[in-house]
Amino acid sequence: MAQFQSPRGMNDILPEQMAIWQQIEQTCQKISRQFGYEWIVTPIVEDQRIFSRTAGTDSDIVSKEMYVFEDRGGDSLALRPEGTAGVVRAFIEHGMSNRPQPLRLCYFGPFFRYDRPQAGRYRQLWQFGVELIGESSPIADAEVINLQNSLYKNLGLSNVELRINSIGSPESRKKYLDSLKKFLKPQINNLSNESQRHFETNPFRILDSKIENDQKIVSQAPKILEYIDNEDRGHFKSVCNYLDALNINYKIDSGIVRGLDYYTRTVWEFQPADGGSQSTIGAGGRYDNLVEILGGTATPAVGFGTGIERISLNMKKIDEHDQIQNIDAFTIPLGEAGAIRSVQIGNILRNAGFNIVSGIAGRSLRSQLRSANNQNASYALIIGDDEVNANRIQVKALKTEQEQQLLSEEELINFLNTSV
RNA sequence: GUGGGUGUAGCUUAGUGGUUAAAGCGCCUGGUUGUGGCCCAGGAGACCGUGGGUUCAAAUCCCAUCAUCCACCCCA
């Protein structure tokens, strides 16, 4: 057993896992470029208040999952638990409201939540997210959902389901919450302890309770969509129309209420059709008040975040085998002159655009050929003192029965150009 | 924070009270002078998660602890 292990819930990504990881990252880059989103990198650490003010002090993320610490100067900092608040902070700090609106931003990086790890849930998790800031039109909501949907389609996740809801404006939501409380009050003693706690602080959360009896009670409760005002309803209807026009399937689900307080109007989640718990692979929503909450001028915005590990888990279900690296040639030094010459040849070939792994001088020819074969190289380049004296390189094909050749440096480059 | 399962070599596992803990895969070396894959031989690699207890004797039984996995809560 190793003396040290990675911190709980924080995992190494090993070389054999990188193929799928990079495929996801590159697809994020491709899709964001297709939609004209610009990349932004914000610090992994922020003033703790950035998150407590925006996500809500009663949210689980802030109340029990945030890594908070004091730095040596006494400032209270937090490892970022989510991406939107930091991006919005940067938006305000750098006066980005003076750039052409709407502003389209995206990010990719690690986030931290102090939670108990389990399948698909980690203390360090990676997310790709996009934010479309400065536009209130439903076409913006649809664009962001469309981008997210395209990402999954491009990655071959065909059976993901979109569930969508509107939680209205703060005003209409307040009206709704009043009548929800009125409805729940007579039955409050039948609710779970958790839900009873939420009754005072955030009755909204009772709606997505997983407890069966709570669900039974809630199923009779008034629905938010019946309470949101005409403008909210029109906005939601319009988002749905755009999705229809884009041929994006969705299910309206009044149980979708996100865990963060800053959402307004449209909220949604993507999850695999066969998913159990922990299966949501990405979720987003509109947040028209967030910029103002952080001290900027009121600016509407909409965005989503998606978990890279969860995408990866779902892709593994589809295609398990690892990709092996494509090595063009493996240099095999023999003797002292050969050792020097082989490192030179390696660089010459790399500069010519080939992928070259260097053999280790001092090992036998047999063992180096075995290594070359194990590493899936196409050619072995044997460079011993004989070859150095003759100013030639022995080229041995490892994947075909092609006859071994003795080539000059120039001939070798030409040969590789036509062969790999 | 709550509940359950599991900890033996790099990996997958065998071993359920009795010598020096075993195998497959992987790794390294070799199978005459400088030629891979298949095959063969050899080697390295494990304080059996950790600490305590029971016993003449513990990888094996008991307790604790840690880690990990799974579920709940919640979320990506």
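Just so it is clear: chains get the letters A, B, ... in the order the sequence lines come, proteins before strands, and each one is counted from 1. None of the values given here were measured: they were computed from a predicted structure.
Among residue pairs with one or both ends in residues 330-354 of chain A, none qualify as ring-ring contact (aromatic ring centres under 6.0 Å, His included); sequence neighbours excluded. Among residues at least two apart or in separate chains, ring-ring contact (aromatic ring centres under 6.0 Å, His included) pairs with a member in residues 386-420 of chain A are Tyr379(A)-Phe415(A). Listed by first and then second residue, the ring-ring contact (aromatic ring centres under 6.0 Å, His included) pairs that reach into residues 29-59 of chain A are Trp39(A)-Phe128(A), sequence neighbours excluded.
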- Item | Thr266(A) and Asp141(A): CA distance, side-chain angles, deciding distance, side chain to side chain donor-acceptor pair (under 3.5 Å) verdict | CA-CA 7 Å; Thr266(A) 323; Asp141(A) 308 45; 2.6 Å; yes
- side chain to side chain donor-acceptor pair (under 3.5 Å) between Asp232(A) and Ser169(A), worked out: CA-CA 7 Å; Asp232(A) 292 339; Ser169(A) 62; 3.2 Å; yes
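Considering only the side chain of Leu398(A), G36(B) comes nearest among C75(B), G36(B), U68(B).
Between Ile311(A) atom CD1 and C75(B) atom C1' there is a gap of 15 Å when expressed in whole angstrom units. Between the CD atom of Glu309(A) and the C1' atom of C69(B) there is a distance of 17 Å, rounded to whole Å. At whole-Å resolution of the value, CD1 in Ile256(A) and C1' in A76(B) are 13 Å apart. Here the C1' atom of nucleotide C66(B) and the CZ atom of Phe4(A) are 15 Å apart, to the nearest Å. If you measure from atom CD of Gln5(A) to atom C1' of G10(B), you get 15 Å, rounded to the nearest angstrom. Atoms CD (Gln375(A)) and C1' (G36(B)) sit 13 Å apart, rounded to a whole Å. Taking atom OH of residue Tyr379(A) and atom P of nucleotide G37(B), one finds them 19 Å apart after rounding to whole Å. Spacing between atom CG of Asn376(A) and atom P of G36(B) amounts to 18 Å, rounded to whole angstrom units.
Ion pairing of Arg104(A) with Glu38(A) is absent here, as no side-chain N (NZ or NE/NH1/NH2) approaches a carboxylate O to less than 4.0 Å. A salt bridge between Arg286(A) and Glu135(A) is absent, with no side-chain N of the basic residue lying under 4.0 Å from a carboxylate O of the acidic one. For Glu161(A) and Lys251(A), the salt-bridge test passes: some basic side-chain N is under 4.0 Å from an acidic carboxylate O. A salt bridge does not link Asp115(A) with Arg113(A): every distance from a Lys NZ or Arg NE/NH1/NH2 to an Asp or Glu carboxylate oxygen is 4.0 Å or more.
Partners of Phe183(A) under the ring pair (Phe, Tyr, Trp, His ring centres under 6.0 Å) rule, at least two apart in sequence or in another chain, do not exist in this structure. With sequence neighbours excluded, the residues satisfying side chain to side chain contact (heavy atoms under 4.5 Å, CB included) with Ile340(A) are Gln344(A). For the side chain to side chain contact (heavy atoms under 4.5 Å, CB included) test, residues two or more places apart in sequence or in another chain that qualify with Val68(A) are Gln48(A), Met66(A), Ser76(A), Ala78(A). In terms of the side chain to side chain contact (heavy atoms under 4.5 Å, CB included) criterion, Asn373(A) has no residue partners (sequence neighbours excluded). Legend: residues meeting side chain to side chain contact (heavy atoms under 4.5 Å, CB included) with Asn289(A), ordered by chain and number and at least two apart, are Pro170(A), Thr264(A), Ile293(A).
Within the shown strands, nothing qualifies as a pairing partner of G34(B) under the Watson-Crick or G-U definition with both distances less than 3.5 Å. Within the shown strands, nothing qualifies as a pairing partner of C47(B) under the Watson-Crick or G-U definition with both distances less than 3.5 Å. Across the strands present, G10(B) finds its partner in C25(B); the criterion is a Watson-Crick or G-U wobble pair with both atom distances under 3.5 angstrom. A71(B) is paired with U2(B) under the Watson-Crick or G-U wobble criterion, all donor-acceptor distances under 3.5 Å. Base-pair partner of C56(B): G18(B) (Watson-Crick or G-U wobble, both distances under 3.5 Å).
With Tyr114(A) as the aromatic partner, Arg123(A) meets the cation-pi criteria of under 6.0 angstrom to the ring centre and within 45 degrees of the ring axis.
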I'd like a table of atom pairs between the protein and nucleotides 1-3 of chain B - only N or O on both sides, under 3.5 Å - with the distance next to each one.
| from | atom 1 | to | atom 2 | distance (Å) |
| --- | --- | --- | --- | --- |
| U2(B) | O4 | Arg116(A) | NH1 | 2.6 |
| G3(B) | O6 | Arg116(A) | NH2 | 3.2 |

Taking N or O atoms only and anything under 3.5 Å, show me the protein contacts with nucleotides 25-30 of chain B, one pair per line.
| from | atom 1 | to | atom 2 | distance (Å) |
| --- | --- | --- | --- | --- |
| C27(B) | OP1 | Asn374(A) | ND2 | 3.3 |
| G30(B) | OP2 | Ser364(A) | OG | 3.1 |
| G30(B) | O6 | Arg370(A) | NH2 | 3.3 |

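Of the residues in residues 380-395 of chain A, those lying under 4.0 Å from RNA chain B by heavy-atom distance are Ile382(A), Asp386(A), Glu387(A), Gln394(A). Within residues 30-49 of chain A, no residue is approached by RNA chain B to less than 4.0 Å at the level of any non-hydrogen atom.
Between the P atoms of C47(B) and C28(B), the separation comes to 22 Å (whole Å). Distance noted for atom P between G45(B) and C39(B): 25 Å (whole Å).
Base engagement by Leu125(A) is indicated by at least one non-hydrogen atom pair under 4.0 Å involving a base atom. Using a 4.0 Å heavy-atom criterion, one finds that Gln368(A) contacts no nucleic acid atom at all. Within the nucleic acid shown, Ala377(A) has no heavy atom closer than 4.0 Å to any nucleic acid atom. Residue contacts shown for Ala283(A) are limited to sugar-phosphate atoms, with no base heavy atom under 4.0 Å away. Counting non-hydrogen atoms under 4.0 angstrom, Phe111(A) reaches nothing in the nucleic acid.
Toward the 5′ end of RNA chain B lies the nearest nucleotide of Gly9(A), the other residue of the pair Gly9(A) and Gln127(A) mapping further downstream. With RNA chain B read from its 5' end, the first of the two nearest nucleotides for Leu365(A) and Phe270(A) is the one closest to Leu365(A).
Of all heavy-atom pairs between Glu309(A) and Tyr122(A), the closest is CB-CE1, 3.5 Å.
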